[in-house]
S.K.: 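Please see the structure below; I have some questions.
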2 protein chains.
Amino acid sequence: MARLAGSSKLLRAMNESATMALLIDRGTLTRGELRELTGLSKPTTSDVLRTLTEAGLAIVVGHTSGGPGPNAEVYAVNPAAATVLAISVRDVSETLHAPFEAALCDLGGAVLARAAYPSDPADGDPVGTVRAIAGDLCARAGLAGDRVTHLHLGVPGSYDPGTGAIRHIDVTGWGRPGLVPELAAALGVTVEADNDVNLAAIAERHRGAAAGSGSFALLWLGAGLGCAIDLGTSLLRGATGGAGEIGYVPLGLAAPGQPRDLQSLAGGPAVAALGAAHGFTGATPEEMVADAARADSPAAADFLAALADRIAVVLAVVAALVDPPLVVLAGEVAQAGGPRLRDLVTEAFHRNTPLRTPVEVTALTDDAVLLGAMDSGLRSVRESLVDSLNARPIPGPVLRSA
Amino acid sequence: MARLAGSSKLLRAMNESATMALLIDRGTLTRGELRELTGLSKPTTSDVLRTLTEAGLAIVVGHTSGGPGPNAEVYAVNPAAATVLAISVRDVSETLHAPFEAALCDLGGAVLARAAYPSDPADGDPVGTVRAIAGDLCARAGLAGDRVTHLHLGVPGSYDPGTGAIRHIDVTGWGRPGLVPELAAALGVTVEADNDVNLAAIAERHRGAAAGSGSFALLWLGAGLGCAIDLGTSLLRGATGGAGEIGYVPLGLAAPGQPRDLQSLAGGPAVAALGAAHGFTGATPEEMVADAARADSPAAADFLAALADRIAVVLAVVAALVDPPLVVLAGEVAQAGGPRLRDLVTEAFHRNTPLRTPVEVTALTDDAVLLGAMDSGLRSVRESLVDSLNARPIPGPVLRSA
DNA sequence: CAATAGTAAATCTACTTTCCTATTACGCGA
DNA sequence: TCGCGTAATAGGAAAGTAGATTTACTATTG
């Protein structure tokens with residue numbers, strides 16, 4: 001219930017924040033458009049823009065033309081005001097991917113450099129690894145090494161802010177307690193870490209199947225199962241960062257011969273076993289599913305139908321508990337199954353439950369985790385930038401939101 | 001990302017809102033305390049309080065004494081500024097309760113009148129029923145009938161704001177589409193409806209086992225199963241108000257002889273069947289559980305252990321997907337089982353999963369749904385009151401939060 | 001008599017309104 | 001087609017206003 005109180009200083013800070021937020025959201029705006037959008041007067045808008053420009057946060061990127069009168073100056077956020085380093089850390093024991101994929105982007109969202117690192121540049125020392133990646137990408141982008149403002153990590157595990165540790169991660173060196181604050185101290189930047197599935201959901205919201213949806217849930221079907229619950233304004237993370245660990249959901253009382261939990265019903269190994277039982281011989285579950293999705297045989301249809309039945313169970317768990325307006329199927333298996341699998345899942349879902357949650361497959365083909373880390377890092381940097389404007393000039397004790 | 005912009009009018013509005021919010025949160029405050037808490041100067045604090053007092057929102061409730069100097073005036077929210085009518089609507093087909101229980105409370109939270117209605121005063125016409133209850137309670141409280149500001153309904157079903165209808169409700173007349181807006185129009189007050197389990201969770205947070213917890217999940221074990229997910233600032237409601245309908249969670253692929261979903265594993269009928277199989281003869285599941293919890297026999301121990309195994313499955317579903325810092329067991333069955341059942345559930349939970357979510361039983365003995373409806377209605381009225389102060393004097397176009 | 005509550009007067013910050021100038025596109029006549 | 005007047009717009013300057021703060025003062029109480 002707490003509300004902010006303050007004096008004219010606060011007002012100015014709020015108006016600067018509002019202006020900056022609009023520039024970030026809309027990209028480019030003229031003074032006149034800003035005046036309209038903020039409701040502020042012409043002199044105030046000018047004054048605020050002057051301040052932002054002098055602080056290096058906004059720049060003039062061009063002029064209008066065409067209409068009568070002088071050409072209005074077009075303002076935009078200064079892309080160089082912040083640089084985000086996004087790194088996707090992967091457990092390579094079960095995939096063929098590189099263990100690290102990274103990208104550098106500016107405040108405007110433009111990708112300045114991007115690379116995959118097939119081997120660990122510092123061999124088990126995360127601080128060294130990050131330093132090496134940062135140095136390499138900055139060099140490629142022609143940037144001074146100290147220009148990075150924020151590091152955003154995508155990790156196969158959950159980040160527990162309480163201990164500063166990334167849990168359930170199998171990459172050497174990355175599981176140690178306090179790693180995230182340690183990185184922040186060593187590099188002198190803000191550091192955030194998030195679960196890979198959560199980041200895939202963020203990418204899906206920004207540029208995938210969930211664009212425009214108020215909230216949604218992302219069901220990750222890969223070697224492991226995962227679920228990201230997007231609440232619209234933020235993701236559900238849980239008390240210890242463990243929300244969405246849907247593989248642990250039990251299937252009733254332990255009974256011999258029955259799958260014990262959702263992981264053993266619909267996880268990668270279960271999918272592979274199901275595929276093998278239907279005569280598919282791919283090296284990975286997703287390969288089998290891709291083969292079946294392309295094939296026109298009864299075996300393929302049977303395999304996909306059986307798989308859809310299982311996925312529908314997972315879907316029903318999420319739909320019953322969270323009731324999202326949309327569920328997006330993602331991960332290697334869902335991607336391999338494509339729209340054909342989606343339709344079978346929808347059908348099985350409707351056949352077995354009274355729920356009617358819409359289902360989609362991911363619209364992303366690129367590395368969703370890296371994209372999500374960029375999107376999430378950008379959001380974080382932008383928000384802290386806008387909020388720092390608001391926090392700066394307040395002298396006395398001030399109420400902040402509860 | 002949108003941030004508010006404005007001029008001095010907004011500042012004044014914000015300072016009034018902040019002051020009012022503090023009065024609501026802290027109860028009684030002197031000018032000096034308000035000055036400290038808001039960070040505003042003495043004259044501004046005085047001016048704001050004068051405005052609030054003249055608007056009838058704040059009143060002087062006393063004076064300090066003891067220290068040197070003049071006695072400071074003690075301010076508080078004017079309790080008469082708003083009156084909340086809370087009604088708990090129940091499906092009586094499965095219980096012995098009255099179908100309607102209602103309470104009237106003022107802005108300060110004091111209960112002005114409260115009553116149970118063993119029969120429907122308007123027999124299937126919700127508008128008439130509410131009008132009759134409102135009239136009766138106002139008369140008991142010695143209040144004019146038009147003083148009610150807000151109506152908060154607790155219903156056994158889910159409220160879908162999209163259609164204005166309460167879904168899955170079995171009380172005659174209460175399921176029709178558009179009922180909530182209809183009530184609002186007929187009574188001239190704001191109306192909100194919420195699921196009974198959600199309201200029980202709100203009561204649990206305000207005065208029960210979850211007081212002080214940042215967020216938590218409430219597991220409702222009664223005739224039906226339910227789950228409320230408190231995110232700290234709000235409850236998870238879902239796209240159609242159906243979040244937490246945990247009874248629908250399937251237990252794997254349909255298999256003959258196996259319970260199909262959590263409802264058939266741990267719902268009221270399943271508990272009753274389990275109790276009967278262990279030789280208990282109570283009329284309701286909660287009666288059997290209460291008998292067993294009191295008994296010292298091997299049959300009782302077996303029954304409770306078997307029940308705890310089942311509840312632990314439900315618990316694991318919630319814990320794996322949501323990872324709350326606390327789960328509170330509530331509802332008739334949990335209440336009947338008490339701490340003994342809680343301990344057995346915790347043990348079964350630890351035995352069967354790697355999760356370690358803390359578990360508690362409800363600390364409420366009174367009608368949790370009615371209390372929750374009061375708490376929720378109060379919160380709603382208070383927030384709209386504070387926000388209306390903020391919204392009032394703004395003339396031009398103004399940015400609101402996204 | 002010392003400390004505190006509350007008010008009054010003067011000052012300051014930041015926003016708005018009003019007015020002014022410079023710039024551009026367009027139309028019209030030569 | 002060129003040149004000039006006109007309308008419309010961008011941006012800034014000056015004056016005025018709302019609301020907050022600081023400082024000083026009065027009244028009250030132990």
Side-chain angles (χ1 to χ4, degrees), chain A residues 3-19 28-53 58 60-75 389-390 392-399, chain B residues 3-19 28-53 58 60-75 389-390 392-399:
Chain A
R3 296 287 188 283
L4 210 61
S7 64
S8 12
K9 305 263 184 190
L10 173 65
L11 206 50
R12 164 50 65 104
M14 288 175 59
N15 289 340
E16 286 175 6
S17 289
T19 303
T28 57
L29 290 168
T30 63
R31 268 186 176 82
E33 288 165 336
L34 276 167
R35 213 175 46 72
E36 190 100 356
L37 288 164
T38 55
L40 297 173
S41 67
K42 223 163 21 162
T44 304
T45 311
S46 294
D47 209 40
V48 165
L49 278 173
R50 186 163 22 252
T51 309
L52 290 179
T53 308
V60 178
V61 293
H63 293 265
T64 57
S65 67
N71 294 333
E73 289 181 314
V74 178
Y75 284 82
L389 282 174
N390 208 319
R392 188 174 27 133
I394 297 169
V398 166
L399 294 176
Chain B
R3 296 287 186 283
L4 209 61
S7 62
S8 19
K9 305 264 183 190
L10 173 65
L11 205 51
R12 165 48 66 104
M14 288 175 60
N15 290 340
E16 286 176 5
S17 290
T19 303
T28 56
L29 290 169
T30 63
R31 268 187 176 82
E33 289 164 336
L34 276 167
R35 210 176 49 74
E36 190 100 356
L37 289 164
T38 55
L40 297 174
S41 67
K42 228 168 9 167
T44 304
T45 310
S46 293
D47 208 42
V48 165
L49 278 174
R50 184 162 24 250
T51 309
L52 290 179
T53 308
V60 178
V61 292
H63 293 265
T64 57
S65 68
N71 295 332
E73 289 181 315
V74 178
Y75 285 83
L389 281 174
N390 208 319
R392 186 175 26 134
I394 296 170
V398 167
L399 293 176

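Every chain is numbered from 1 and lettered A, B, ... according to where its sequence line falls, protein lines coming before strand lines.
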S.K.: How long is the line joining NZ of Lys9(A) and P of dT22(D), in whole Å?
M.R.: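 Value for this atom pair: 10 Å.
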S.K.: Which nucleotide wins on minimum distance to the side chain of Pro70(B), given the candidates dA8(D), dT21(D), dA5(C)?
M.R.: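 Of the options given, the side chain of Pro70(B) lies nearest dA5(C).
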S.K.: How long is the line joining NE2 of His63(B) and P of dT4(C), in whole Å?
M.R.: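 It is 19 Å, rounded to the nearest whole Å.
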S.K.: When the nearest nucleotide of DNA chain C is assigned to Ser65(A) and to Asn15(A) on a heavy-atom basis, which residue is associated with the more 5' position?
M.R.: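 Nearest nucleotide further toward 5': that of Asn15(A).
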S.K.: Does Glu16(A) use its side chain to pair, donor to acceptor, with the backbone of Ala13(A) at less than 3.5 Å?
M.R.: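 Looks like no, no N/O pair under 3.5 Å.
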S.K.: Say whether, by atom type as modelled, one donor and one acceptor occur between the side chain of Thr28(A) and the main chain of Val74(A) under 3.5 angstrom.
M.R.: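 Such a contact is absent between Thr28(A) side chain and Val74(A) backbone.
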S.K.: Below 4.0 angstrom from OP1 or OP2 of dT21(D), is there any side-chain N or O of Thr44(B)?
M.R.: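 Answer yes for this pair, as a side-chain N or O of Thr44(B) is under 4.0 Å from OP1 or OP2.
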S.K.: Measure the distance from CG on Asp47(B) to P on dT21(D) and round it to the nearest whole Å.
M.R.: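 In whole Å, dT21(D) P and Asp47(B) CG are 11 Å from each other.
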S.K.: Taking atom P of dG11(D) as reference, at what distance in whole Å does atom CZ of Arg31(A) sit?
M.R.: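 Taking CZ of Arg31(A) and P of dG11(D), I get 5 Å after rounding.
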S.K.: Check the distance between dA18(D)'s P and Leu11(A)'s CG and give it to me in whole angstrom.
M.R.: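 After rounding, the gap between these two atoms is 15 Å.
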S.K.: Round to a whole Å and report the spacing from CG of Leu34(B) to P of dT4(C).
M.R.: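 Those two atoms, CG and P, are 18 Å apart.
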S.K.: Quick check against the 3.5 Å criterion: does Thr30(A) have a side-chain atom that pairs as donor or acceptor with the backbone of Glu33(A)?
M.R.: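 Checked: pair present.
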S.K.: Nearest whole angstrom, please: distance from the P of dG11(D) to the CG of Leu29(A).
M.R.: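 Going from Leu29(A) (CG) to dG11(D) (P), I get 13 Å.
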S.K.: Has Ser41(B) got a side-chain N or O lying under 4.0 Å from the OP1 or OP2 atom of dT21(D)?
M.R.: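 True: Ser41(B) side-chain N/O within range (under 4.0 Å) of dT21(D) OP1/OP2.
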S.K.: Look at Asn71(B) and dT4(C) and indicate whether a side-chain polar atom (N or O) is within less than 4.0 Å of OP1 or OP2.
M.R.: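 No, no such contact exists.
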S.K.: Any side-chain to backbone donor/acceptor pair from Thr45(B) onto Arg31(B)? Under 3.5 Å, distance only.
M.R.: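 Here the side-chain-to-backbone pair does not exist.
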S.K.: Looking only at side-chain atoms of Ser8(B), point me to the closest of dA18(D), dT16(C), dA25(C).
M.R.: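 Comparing dA18(D), dT16(C), dA25(C) against the side chain of Ser8(B), the answer is dA18(D).
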S.K.: Pro43(A) or Ser7(A): which one's nearest nucleotide on DNA chain D is closer to the 5' end?
M.R.: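 The answer here is Pro43(A).
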S.K.: For the pair made of CE in Met14(A) and P in dA14(C), what is the distance, rounded to whole Å?
M.R.: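 Interatomic distance, CE of Met14(A) to P of dA14(C): 14 Å.
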S.K.: Ignoring backbone atoms, establish whether Ser46(A) has a side-chain N or O less than 4.0 Å from OP1 or OP2 of dG12(D).
M.R.: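 Affirmative; the distance criterion is met.
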S.K.: Over all strands shown, is Gly66(A) touching base, sugar-phosphate only, or nothing at heavy-atom distances under 4.0 angstrom?
M.R.: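 Sugar-phosphate only.
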S.K.: Does Arg12(B) put a side-chain nitrogen or oxygen below 4.0 Å from OP1 or OP2 of dA20(D)?
M.R.: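 Checking dA20(D) against Arg12(B), a side-chain N or O does come within under 4.0 Å of OP1 or OP2.
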S.K.: Where is the tightest heavy-atom contact between Thr53(A) and Tyr75(A), given as atom of each residue plus distance?
M.R.: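 Result for this residue pair: OG1-CE2, 3.7 Å.
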